[in-house]
Visitor: 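Once you've had a glance at the structure underneath, I'll fire off some questions.
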2 protein chains.
Amino acid sequence: MTQFGDNVRAVREQLRQDDRRFSLRQVAFRIGVEPAYLSKVERGDVAPPSEATTVRLARELGEDPDVLLAMAGKVSGDLQQIIRKRPRLFADLIRQLREAPDDAILRVVREVRDGEW
Amino acid sequence: MTQFGDNVRAVREQLRQDDRRFSLRQVAFRIGVEPAYLSKVERGDVAPPSEATTVRLARELGEDPDVLLAMAGKVSGDLQQIIRKRPRLFADLIRQLREAPDDAILRVVREVRDGEW
DNA sequence: CAAAGTGTGTACTATATATGACACATGACT
DNA sequence: AGTCATGTGTCATATATAGTACACACTTTG
């Protein structure tokens, strides 16, 4: 169950095919961790990194930070902060949408974005 | 900034006025922690308890677990799990609603609850 | 007034989290 | 053939998290 590591490695090796700046070492340096650490992360030898490191890694690899965080078993701190400001409202909303189909949620997103309130 | 502890203490002492089973000690025993620990928690001498303990405490005091968790700077694990299953969708939705007024969110909750999908 | 109950101070601890440092073997260029 | 880069194994560690255990002083209350 090393969803996270496998995915990171796959994406990185993909990028590497046309840009050799995506070696484990170079990526590690750019995101500010030791190569040995990133190696272990990719192989699932250790737990996924902290939120900050995961986000830097996502940016570096051109991945969606929220998606990578999800694979790391985390939820972005800024989302949590939003929820914590109005816990009842957001808790209800999210639980309500637990089983909703994707397009229903998307519709809500658009509805809200395109005005209405 | 001991929002959490102050609130717990206030609620507990309130309940205690007509039910002496709400002494710090008795509550501590019922939620399964040491009295000394609960004491420190209420005074903000230590960080808020774990999610599990916070939820037991909320139930014991008749408070909304999500609200108490929010005061503890946390977001319920089950909500996080829902978000992690569809990170992009929920991240967009939640950020979209960051500044929305309460009643707009409530409307969405109801809209979703009362069918439509 | 004795017994029981109340909250709290001090000291300790186990587990998890999030890495760093260094050395090493293998493979790829030059 | 030699240099350089690549990924990895081993060991160590700092900080945070989530409490326990015990003793003590004050206050009800029977």
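Letters A, B, ... are given to chains in the order of the sequence lines, protein chains preceding strands, and every chain is numbered from 1.
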Visitor: How many Å lie between CZ on B:Arg20 and C1' on D:dT27, as a whole number?
Guide: 15 Å
Visitor: Distance check, rounded to the nearest 0.5 Å: B:Phe29 atom CZ versus B:Glu34 atom CD?
Guide: 7.0 Å
Visitor: The side chain of A:Arg9 lies closest to which of these nucleotides: C:dA21, D:dT8, D:dT20?
Guide: D:dT8
Visitor: Answer yes or no: does atom CZ of B:Arg59 have more than 12 heavy-atom neighbours from other residues, nucleotides or ligands under 6.0 Å?
Guide: no
Visitor: To the nearest Å, give me how far apart CD (A:Glu34) and C1' (C:dA21) are.
Guide: 7 Å
Visitor: Check DNA chain C against residues 42-76 of chain B and give the residues with a non-hydrogen atom under 4.0 Å, in numerical order.
Guide: B:Arg43
Visitor: Considering only D:dG19, C:dG20, D:dT8, which nucleotide approaches the side chain of B:Tyr37 most closely?
Guide: D:dG19
Visitor: Between atom CZ of A:Phe90 and atom CG of B:Leu93, what is the distance when rounded to the nearest 0.5 Å?
Guide: 7.5 Å
Visitor: Given D:dG7, is OP1 or OP2 found less than 4.0 Å from the side-chain N or O atoms of A:Ser39?
Guide: no
Visitor: To the nearest Å, how far apart are A:Glu13 CD and D:dT6 C1'?
Guide: 11 Å
Visitor: Got a donor-acceptor pair under 3.5 Å from the side chain of A:Lys40 to the base of C:dT19?
Guide: no
Visitor: If I take atom CZ in residue A:Arg25 and atom P in nucleotide C:dA28, what distance separates them, rounded to the nearest angstrom?
Guide: 16 Å
Visitor: Within the pair A:Arg12 and D:dG7, is there a side-chain N or O less than 4.0 Å away from OP1 or OP2?
Guide: yes
Visitor: Would one find a side-chain N or O of A:Ser23 under 4.0 angstrom from OP1 or OP2 of D:dA5?
Guide: no
Visitor: Between atom CD1 in B:Ile31 and atom C1' in D:dG19, what is the gap in whole Å?
Guide: 12 Å
Visitor: Expressed as a whole number of angstroms, how long is the span from B:Leu24:CG to C:dT8:P?
Guide: 6 Å
Visitor: Just the rounded figure in Å: distance from P of D:dA21 to CG of B:Leu38.
Guide: 16 Å
Visitor: Please tell me which of the listed nucleotides, C:dA21, C:dT6, D:dG7, lies nearest to the side chain of B:Arg16?
Guide: C:dT6
